[in-house]
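One structure is given here, and the rest of the page talks about it.
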2 protein chains.
Amino acid sequence: MARREWTLEQLTGGVREGDRRALARAISLVENGDPLAYPLVRELYPETGRAAVVGVTGPPGVGKSSLIGALVEHVRASGRSVGVVSVDPSSPFSRGALLGDRIRLSDHFLDPGVYIRSMGTRGHLGGLAETTLQAVLLLDASGKDVIFVETVGAGQSEVEVTGIADTVLLVLMPGSGDSVQALKAGIMEIPDVIAVNKMDHPAAKTMLNEVRSIVGLAEPEQRPPIVLTEAMRGENVDELLAALEEHRAGLAADGRLEERRRRNLAREVFAVASSRAKSHLEAAVADDPELRRLLEAVERRELDPLTAVREIMEKVFKVRADDADAR
Amino acid sequence: MARREWTLEQLTGGVREGDRRALARAISLVENGDPLAYPLVRELYPETGRAAVVGVTGPPGVGKSSLIGALVEHVRASGRSVGVVSVDPSSPFSRGALLGDRIRLSDHFLDPGVYIRSMGTRGHLGGLAETTLQAVLLLDASGKDVIFVETVGAGQSEVEVTGIADTVLLVLMPGSGDSVQALKAGIMEIPDVIAVNKMDHPAAKTMLNEVRSIVGLAEPEQRPPIVLTEAMRGENVDELLAALEEHRAGLAADGRLEERRRRNLAREVFAVASSRAKSHLEAAVADDPELRRLLEAVERRELDPLTAVREIMEKVFKVRADDADAR
C-alpha cells in the first residue's frame, strides 16, 4: 500500500484541525525518530498546555486499560475529546488484542473524538520519555481535552513518564500486596488519586482499608481520595472521574497547576537530555575501537571501571574528570 | 571524637588485609565521593573478581534482610567470609533498627568474618550504581568470599544494581501479587533463583504453584529453581544456599560466568557514565543563567522541550544536534 507523503505544512495543519490521519502520521514520525518530527512539535508547542493530562500507573493485571476505557466513555459522554497514550508493553492497547470484555476499548477506536495510541518500547535516542512527551504534546495540540497516559510499574522507572501528568492515578486491585508494601515503605510516591479496581473481589474491602490506613499517615491535604471501582461493569467510574477532575481543579484554583507543570517540564527536559546522553555514549563506544578497548581492559580487570568512565566521558563529552569529580 | 586520618597506602593495605576499620573508612570515602576513593578502588581493582556476588531483590516487606541474615549464618558455618551491601532504603539494615526477631542480623555485626553496610541514597555524581559497584569491589578486594547485594523493587530500576551480580535471587512471599503479574507479563526479568518466603502462610503453596506455572513457560535451562523458605526459623535456607551455589557453579563450568561478568561490567560502565552525565547536566544548568533561561522559555511554552534539550546538550557536552539525531 502506497503511503501518502505529508509535507510539514500539511502535518501541522492536520494536527491542528484534529485530523486523525495527520495525528497518526505525526506520532509515527516521533516514534521513528524521523527528522520531520522535530520541527513539527516545535511549531505546535506554543499551542499546547490546554489538555488535562492524567497519568495512569499501577502494576500489570490490575485493569488499567479497562479503567481507562470506562473513563473515556464518561469523558465522551460529557462531549469532550480524549487521547490515550499507552507505554505499557503488557497493555491490551499495545497488544492490539481486544478480546471479549474489552469490546469497549475497540469501540473507542472508531470514535472520531478519541485517539488511542500505544508507544513501542523500541530503542530511540531520547528513550520513552522523549517519544511519550512528544506524543502527548501532539495530542494536546490536536485539541484533545483529556489525555490519559498509561504506564506500568510500581517503582521508580515510570516516574519520567508520569512526570508529564497534571494528575497521577494509581490503580491497584485486591492482591496488589507489593504495591501496598511499597507505599507503606515510602518506596513508591503517594499518587494524587487511587483506584482499587475489581471491587467485587472478596478482598477488596481489606485492600481499601489497608491503603486508607497508609495514606492516612500523610498530611491531610496530601491524602489522595481512594475510589473502589469495577471497570468491567463501569461501576464508580463517574466517581473516579470526579475525583480526578477535582484534583486538577484544586491545583488550578491556587496556582499549583502552573507550578507543577513548570516542574514537570524541567524534569522532562533533564530526563530526555540524559536519555540522549546515554544513547550518545553507547553509540560512541560502539563506533570507536579505542573506547571499546577501554571496556575490554575493564573486563580483563586491568583498568578499573571508574577510570574507563572518566576516559569515555572526556573523549565523548569533553568533560574533564576533575570538573566532574569536583561537583 | 577525632577521626583517624588514613593515607592511601594505609587504606589499600588495610582493605587488602580485610581490616574492618579500613574497609569501613574506604566505603565511606566512596559514599561521600571523596577524591581518595578513586585511586583506592583503582589500585585494588586488579585483585577483585574472586567473590561470589549474589543480588537479592524483591518488593519491600518480603523478608529479604532476614533471609540474607539466615544465609549469612550458613555461609559462615562453612568457614567463608561474607559482605552485605544494602541499597534498600526500607531495609532494616538501612534503618539500623534491628528489632526482636532480627537479633540474628545484629549478631553478624560483631562477627569479624562479616561486614554489613547500608548505602545511603543521597545524591552522588555517579548515582547508586557507582557507589554500589565501588563498595562491592572493595568488599571483593578485602577477601570476602560471598557478597550479598540487597535491592528493593519489582521493576526495572534495580537492574543497574543487580547488574553486578553473578546470581540474582528474587524473594517473594504469599501476597506478592504484583510481582507475580509482572513476571507473567514479562515486565520483570526471570531471575536465577526464586525464594518464596514466609512458607508458613496459608497461601504459600498457592503462590509457589503460581510462580512455578509462570517460570514453567521458560526454556528448561532457564527455569529458575524455586525454594520455599522461612527466614525467621531458618527453614530451607540451606536448600536456598545450595540453589544459589549450584547456579554459579553451572555458569562457571561452561564459561558463562566469565561472559556474564564481562557483560555486567560493560553495563555498569554505561550506567555509571550516564548517571554522571545526568548529574553533570543538572549542575551545568544550575550554574549557568543562560541554560536556566532556556528552561524558563520552555515553561512559558515559547521554546519547545526538544530544542532546549539540543541546546543544553550542545553547550554542555559539545554534542551537535545533527550528530545526535543522525544516530
Side-chain angles (χ1 to χ4, degrees), chain A residues 35 38 41-42 45-46 48-49 59-61 89-90 125-126 133-134 152-157 175-179 181-182 184-187 262 265-266 268-270 272-274 276-283 295 298-299 301-302 304-309 312-313 317-319 324-325 327, chain B residues 35 38 41-42 45-46 48-49 59-61 89-90 125-126 133-134 152-157 175-179 181-182 184-187 262 265-266 268-270 272-274 276-283 295 298-299 301-302 304-309 312-313 317-319 324-325 327:
Chain A
Y38 167 65
V41 177
R42 185 182 50 191
Y45 184 66
T48 62
S90 68
L125 197 64
L133 172 65
Q134 305 281 80
V152 73
Q156 294 89 341
S157 50
S176 289
D178 299 334
S179 296
Q181 290 295 326
K184 206 171 179 175
I187 302 286
R262 271 199 301 276
L265 281 168
E268 286 291 312
V269 167
F270 283 120
V272 171
S274 54
R276 284 195 159 225
K278 190 180 184 194
S279 307
H280 191 75
L281 272 175
E282 285 171 346
L295 272 191
V298 173
E299 290 161 8
R301 308 254 167 194
E302 291 166 11
D304 70 290
L306 212 47
T307 300
V309 166
I312 290 172
M313 298 276 294
F317 290 143
K318 322 284 183 294
V319 174
D325 281 350
R327 296 260 174 227
Chain B
Y38 167 64
V41 177
R42 186 182 51 191
Y45 184 64
T48 63
S90 68
L125 198 63
L133 172 64
Q134 306 280 81
V152 73
Q156 292 90 342
S157 50
S176 289
D178 299 334
S179 296
Q181 290 294 326
K184 205 170 179 176
I187 302 285
R262 271 200 301 276
L265 281 168
E268 287 292 313
V269 166
F270 282 121
V272 171
S274 54
R276 284 194 158 225
K278 191 180 184 195
S279 307
H280 190 76
L281 271 175
E282 286 172 347
L295 272 191
V298 172
E299 290 162 6
R301 308 253 167 194
E302 291 166 9
D304 69 290
L306 213 45
T307 301
V309 166
I312 289 172
M313 297 276 294
F317 290 142
K318 322 286 184 292
V319 174
D325 281 350
R327 297 260 174 226

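Every chain is numbered from 1 and lettered A, B, ... according to where its sequence line falls, protein lines coming before strand lines. As the structure is a prediction and not an experimental result, all values here were calculated from the model. Excluded from the calculations below are hydrogen atoms, water molecules and symmetry mates; all remaining heavy atoms, backbone and side chain alike, are included.
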Note: L133(A) and P305(B) closest approach over all heavy atoms is CD2-CB, 3.8 Å
Within the distance-only criterion (no hydrogens, no angle test), does the side chain of D178(B) pair as donor or acceptor with the backbone N or O of S179(A) below 3.5 angstrom? yes
Options G49(A), G186(A), P35(A), ranked by heavy-atom pairs under 4.5 Å with chain B, top entry: G49(A)
Does the side chain of Y38(B) come under 3.5 Å of the side chain of T307(A) through a donor N or O and an acceptor N or O? yes
Give me the atom names and distance for the closest heavy-atom approach of A277(B) to M313(A). N-CE, 3.9 Å
For V41(B) versus D304(A), what's the shortest heavy-atom pair and its separation? O-CB, 4.5 Å
Chain A contact via I312(B) - which portion, at a heavy-atom distance below 4.5 Å: side chain
Q181(B) vs P60(A) side-chain heavy atoms within contact, under 4.5 Å: yes
List the steps and the verdict of side-chain contact (heavy atoms from CB on, under 4.5 Å) for E282(A) and F270(B). CA-CA 7 Å; E282(A) 285 171 346; F270(B) 282 121; 3.6 Å; yes
Could you tell me which portion of L295(A) (side chain, backbone, both or neither) has an atom closer than 4.5 angstrom to a non-hydrogen atom of chain B? side chain
Between L306(B) and chain A, with a heavy-atom cut-off of 4.5 Å, which part of the residue counts as in contact: side chain, backbone, both or neither? both
E299(A) and L265(B) have their tightest heavy-atom pair at CA-CD1, 4.0 Å
Any side-chain heavy atom of Y45(B) within less than 4.5 Å of one from R301(A)? yes
Greatest number of heavy atom pairs closer than 4.5 Å to chain B - which of G61(A), S176(A), A308(A): S176(A)
